[in-house]
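Some notes on the structure that comes next.
Here is the naming used below: chain letters follow the sequence lines, and residue numbers restart at 1 for every chain. Please read all numbers here as calculations on a predicted model, not as lab measurements.
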Amino acid sequence: MAHITINQYLQQVYEAIDNHEGSFCAELLSFKHPHVANPRLQLASPEEKCQQVLEVPYDEMVAAHLRCTYAVSNHDFVEAYKCQTLVVQYPFVMFAVTLDLRIFANNAEQQLLRKGKGKLGDMLEKAAEQLMGCFRVCASDNRAGIDDSKKWGMLFLINQLFKIYFKINKLHLCKPLIRAIDSSNLKDDYSMAQRVTYKYYVGRKAMFDSDYKPAEEYLSFSFQHCHRSSQRNKRMILIYLLPVKMLLGHMPNHQLLRKYDLMQFADVTKAVSEGNLLLLNEALAKHETFFIRCGIFLILEKLKIITYRNLFKKVYQLLKTHQLPLDAFLVALKMMQVEEVDIDEVQCILANLICEGHIKGYISHQHQKLVVSKANPFPLLSSSS
Amino acid sequence: ISKTQSATKTAQSVAVRSFGISAVYYLSFTSFFSPIYYLSLPSQPPSLPVMEDQSSSYPSQPQPPPPAAPQPPPQSPTSSEQPPPPPPPAIPPPPNSQYPLPPGQNSYNPMPYPNNDPNQMRGYNHNQGRPSYGQSYQTPNSYQQQQNNNQHQQQGQGQYGPGAGRGEANKNKNHQQQLPQQQQLWHRMKQAPGAGTMKFNIPKRPYVMTNQSFPPGEQPTGLAATPSSPAAAPAAPGGAQTRPQDWPQAMKEYVQRCFTACENEEDKDRTEKGLKEVLQKRLQDGSAYTIDWDREPLPELKAKQSRWEAVPTQRTLESSVGRGGATRGRGGGARLGHYRNVFSQRSPSSSSSGSSSRSPSPSHSRHRDRNGQRHRRSDSESQSDSSMSSDLRTQLPRRNQKGGRGRGGDRDRGRGGGERGRGRGGRGNRGRRNMDDANSTVLGKKRKGGNAGLDFHDPHREAKKQSRAARFHNTKMRSEPLVLSINNLELPKEDLSWDDCPIVGTCQEITKIYLRLTCAPDPATVRPVSVLRKSLLAVKAHWKTRQDYPYACEQMKSIRQDLTVQGVRTEFTVEVYECHARIALEKGDHAEFNQCQMQLKALYKDNPSENIGEFTAYRLLYYIFTKNSGDITTELVYLTAALRADECVSHALSLRAAWALGNFHRFFQLYRRAPRMASYLIDKFVERERMIALRALFKTFRPDLPVEYVQSSLGFLCLDSCMAFLTGLGVTFFPSDPSKIDCKTSSASLAAS
């Protein structure tokens, strides 16, 4: 439908609405569809035409949409965002238009920031408010018929909201949304794509809350069910799944890392499993920017604890005794070039390891020795936590 | 013709209904706001902008010339009469001449303070689009009125509730109106930049939605499904093009009187309809300019004589009081009594009708012109305020004699509660539906455009049916020009910035009491930077010698305020905020400290300071305190290498790393080496970390642990403080050697606690 006229376009919309062709209608209002590049549709004031063909409130939606295409063609995303908010005010072909809304909010914000105006996150927050409005409409749909309940729209909106909340660092706002889904009887019946997205975000949230077990569960689900062609998404899932898995004692193999172009993790993995604290520090420092941008630096940092454990296990294996002098650990740490380390710090590190169950044993302060259990002093990571 | 008539009628009635709804919605919503919000209402622009769009697109759409379609105008003229209450800022109650411009031309800006905020401007421009509306809209009075209405409604019984509550509401109103100070406040509030814009989100949406619509009556609403209908309709009405502003003064007053007499929406509706008819005729044949309006009987408040007769004495009393009290200040008490009587007479049925009128589908209301309604409401209110006159009194009986159709108890109601009527009456337009029974002829004349398709014979039944049908048809096709109200959307960046209205202070006082700004700053009370520098020094000196935090805080705040209102964002500003942040930190004033931190973060972008590292470190430490790993990560993203090298930042980073890994040994070492004022921040969470560490220690060490070790590793300065901490936790010591902790039992007791 290259370069149809405005009237043709409106006719199409009209028929789509009339024939209840939701998905086609959604396309016609979506920015994923090529019609948005059609200069004949990019009108500064399409109101009148829309009004003549379409019914209330579709005319407003479509007019706003067309004006939005106009704004986008002018690279004015602020304006585009404003138009899109008008499109979104009616819960109709919601998925398409809310998605666009979020994208425009994002772009508009970038644009504003470039101009030095606005505050980071303001625009997105506004968009989130809009989406929340839609969400409430969906969530409060209590009609009996589950088949055409608006509740089916909840998860999509939640995912959009998650995207915003994660972006603006307002994770606490996710909680009520998660609760809404948890208490929903539809939660396992939404489309897989939506569930994958949802679990991805919930998993990330759990990870940031240091709930690694559930995080692993969610992210694994997400990874396993993510469509095979969505390599980029799978990679994104892995970025969070890997650290969680490693914290729980499952190290990724090289192949996987290579397949998803995540070689930044290679040295980390190696260092952790070898107990090579030095290498770990180097690896973290080397890819620090990447890790920080992904938001996983602080999680990966916790791998140091695992690395201590592996390092100390080696000490134990070397000494072959159950009463390990603390000095031995000090030597090991110094070998790893840990700065300013002293015997007190060794005790401190050991205390943490014991406390978290990575080592079974106790410290005798008087004798300056670590006494480890004869049976399985270094329990498997995957079993300990 | 009859077909079209009835069709338009129904269309109108639908419009009216939806109107009613929106008004109610609006009312109930205002009631949620505390008085202060409420006061700031008038400044809220979002509601205004609607009109501009409308007027701009208005001409493009063929349309019934306003005066010919008498519905909306009857009120507008009244509104042009400035409601006596609080005059809009800087503008004396304008006579009509103030509005020479026809609607749509915006040249008159009522804003007393130049205001660059696009939002605001837009808002006010809208007013000019329809001067009369805008005018009355601006007066706080209208809001007050709504509030009163609210109160009525909240009394459960709504308008028919016992008079007391209503009276109270009225009293309030009068009260407010009387107090010049209040008014002052209002205006100031209005000016306070950003104040209004931000306040509510709720109303925005409705406004946005309502944009596209016209005051219900003005447009041929459509059963006519063809696109051509809008074009056809306007041609029909024809008629005087006179605008409300151009009307003879006497006529305006007359209209006001008419509305003053109305008690409730229904009355208003009726009055409006009647007026339309009359005025249109008069305007067309020119008699409007010759007739003695003062003598003209008020139209069609007829019927329900019986009820009415009972009231007149009170009525007169009432109105005379009203007069005496210069329109606004009518005595509350005496009237209250009357009201009560009146109300008690009121029939319950009327209440039901009132409510039902409002109930119809809210969705329609969205498309209705909420603004218009609102304005109108306020108009009528103001009229009633200003124009309760003796003429009216004399006319009332006449009206009654005229008698009329279907007015029953309503009128009674309307009358009795003169004031209430005002409150209510504003919504009069809602009641348009009543037009159905009254002047269908007028309507017919006005709009031929409509619905040729429907033919009914029984006027009343027909009207009802049609209104029902019209409701559906109405949704189908937009009858008013669609206007995308994009500009109404408030954008965060469009906050009014202080930079937009720079002022330079002239105050020379070194110290100044901090008062929260509730109005536009007065340069005479604002200190220029040169003075502020001295002030800062004075505060610092005072702080050093006296350590009087409340005083210092107040002074700092007033310095900050003066800087803000003058839009000063220089190194000096940074210095002030840094200073205040440090003082607040020292005294543990979280709120102020965080405020300063926020400002500093923004200020540093333009004014690099040597202390940037220090305050970045504080922020990091604060995130540790709040355990906000998300914010820490964000902060890490923006840390430059140079910043990382900063003494404070690197310390904070090391501390964070130690904290994250539970390396309490290192953590407390760093705690004791904290640079500058970092330890004040760490103090906030040092106890928490001690507890965690202690648990780990007790769980790990066997059989005992010397207190000295705990002291050194947990960063206690002396043994005594350590002992105090431990005993406070119920730690057990070995009886044989009190310097050694029994880890096993202590661990258990710690876990239990």
Side-chain angles (χ1 to χ4, degrees), chain A residues 45 47-48 50-57 59-60 63-64 67 78-79 81-83 85-86 89 112 117-119 122-123 125-126 129 133 169 171 208 210 288-289 292-293 295-298 301-302 304-305 340 342 344-345 347-352 354-356 361-366 371, chain B residues 57 60-61 201 205 208-209 212 227 230 363 366-367 474-493 602 628-634 636-637 639 656-657 660-666 669 693 695-697 699-706 709 712-713 743:
Chain A
S45 45
E47 292 89 337
E48 204 179 327
C50 296
Q51 183 183 2
Q52 284 167 8
V53 179
L54 298 171
E55 296 170 354
V56 175
D59 57 346
E60 190 183 355
R67 194 138 136 191
V78 179
E79 179 74 11
Y81 168 77
K82 290 191 222 165
C83 296
T85 54
L86 287 186
Q89 63 186 327
L112 284 179
K117 280 197 244 165
K119 228 174 67 205
D122 269 2
M123 207 70 174
E125 260 176 81
K126 290 269 164 202
E129 272 171 31
N169 242 327
L171 294 196
F208 289 128
S210 305
E288 183 172 330
T289 325
I292 287 181
R293 289 206 176 271
I296 52 172
F297 182 81
L298 300 182
E301 195 183 40
K302 291 209 194 299
K304 278 189 188 174
I305 294 172
E340 304 175 34
D342 59 16
D344 283 351
E345 190 166 344
Q347 295 187 58
C348 171
I349 292 169
L350 282 171
N352 279 322
I354 294 169
C355 196
E356 287 171 34
Y362 65 88
I363 302 170
S364 164
H365 185 263
Q366 193 181 354
V371 182
Chain B
S57 65
S60 70
Q61 198 73 11
N201 296 325
R205 191 166 163 113
V208 168
M209 316 268 259
Q212 303 87 5
S363 61
R366 292 158 127 204
H367 304 294
N474 223 10
T475 41
K476 285 272 176 181
M477 233 49 193
R478 193 179 296 269
S479 50
E480 311 88 1
L482 165 66
V483 178
L484 296 182
S485 50
I486 286 168
N487 295 330
N488 295 331
L489 294 173
E490 175 205 343
L491 273 184
K493 54 143 191 180
N628 191 334
S629 57
D631 280 340
I632 293 178
T633 308
T634 323
L636 289 179
V637 174
L639 278 188
R656 186 210 59 79
L661 293 181
N663 192 335
F664 47 85
H665 176 76
R666 199 165 276 243
Q669 272 184 347
R695 264 185 201 146
L697 285 177
K699 204 172 166 187
T700 311
F701 285 84
R702 291 291 182 276
D704 54 41
L705 196 57
Y709 179 77
S712 71
S713 54
C743 287

Can you tell which part of A/Glu340 gets under 4.5 Å to a heavy atom of chain B, answering side chain, backbone, both or neither?
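For A/Glu340, backbone and side chain are both near chain B.
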For A/Leu298, which atoms come within 4.5 Å of any heavy atom of chain B: side chain, backbone, both, or neither?
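Only the side chain of A/Leu298 comes within 4.5 Å of chain B.
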Could you list the residues that satisfy side chain to side chain donor-acceptor pair (under 3.5 Å) with A/Asp342, not counting sequence neighbours?
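Side chain to side chain donor-acceptor pair (under 3.5 Å) list for A/Asp342, sorted by chain: B/His665.
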Please enumerate all residues that pass side chain to side chain donor-acceptor pair (under 3.5 Å) together with A/Asn352, with sequence neighbours excluded.
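Result, side chain to side chain donor-acceptor pair (under 3.5 Å) vs A/Asn352: none returned.
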Residue pair [X] / [Y]: nearest heavy atoms and the distance that separates them:
| X | Y | value |
| --- | --- | --- |
| B/Ala696 | A/Ala351 | O-CB, 4.3 Å |
| A/Glu356 | A/Ile305 | OE1-CG2, 3.9 Å |
| A/Ile363 | A/Gln347 | CD1-O, 3.7 Å |

For the interface with chain A, which of B/Pro703, B/Ala660, B/Pro706 has the highest count of heavy-atom pairs at distances below 4.5 Å?
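Most heavy-atom pairs within the cutoff with chain A belong to B/Pro706.
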Which of B/Lys699, B/Arg702, B/Gln669 touches chain A most, by non-hydrogen pairs under 4.5 Å
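Of B/Lys699, B/Arg702, B/Gln669, B/Arg702 has the most heavy-atom pairs under 4.5 Å with chain A.
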With chain B as the partner, which of A/Lys302, A/Gln366, A/Lys304, A/His365 has the greatest number of non-hydrogen pairs under 4.5 Å?
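Counting heavy-atom pairs under 4.5 Å, the top option is A/His365.
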Best-contacting candidate, A/Ile292, A/Asp344, A/Ile354, against chain B by heavy atom pairs under 4.5 angstrom:
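If we count pairs closer than 4.5 Å to chain B, A/Asp344 comes out on top.
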Report which part of B/Ala693 has an atom under 4.5 Å of a heavy atom belonging to chain A: side chain, backbone, both, or neither.
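Interface part for B/Ala693: neither.
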Quick check on B/Ser713 against chain A: is it the side chain, the backbone, both or neither that has a heavy atom closer than 4.5 Å?
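Answer is neither: B/Ser713 stays 4.5 Å or more from chain A.
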Could you tell me if the side chain of A/Phe208 sits less than 4.5 Å from the side chain of B/Thr633, heavy atoms only?
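They are not in side-chain contact.
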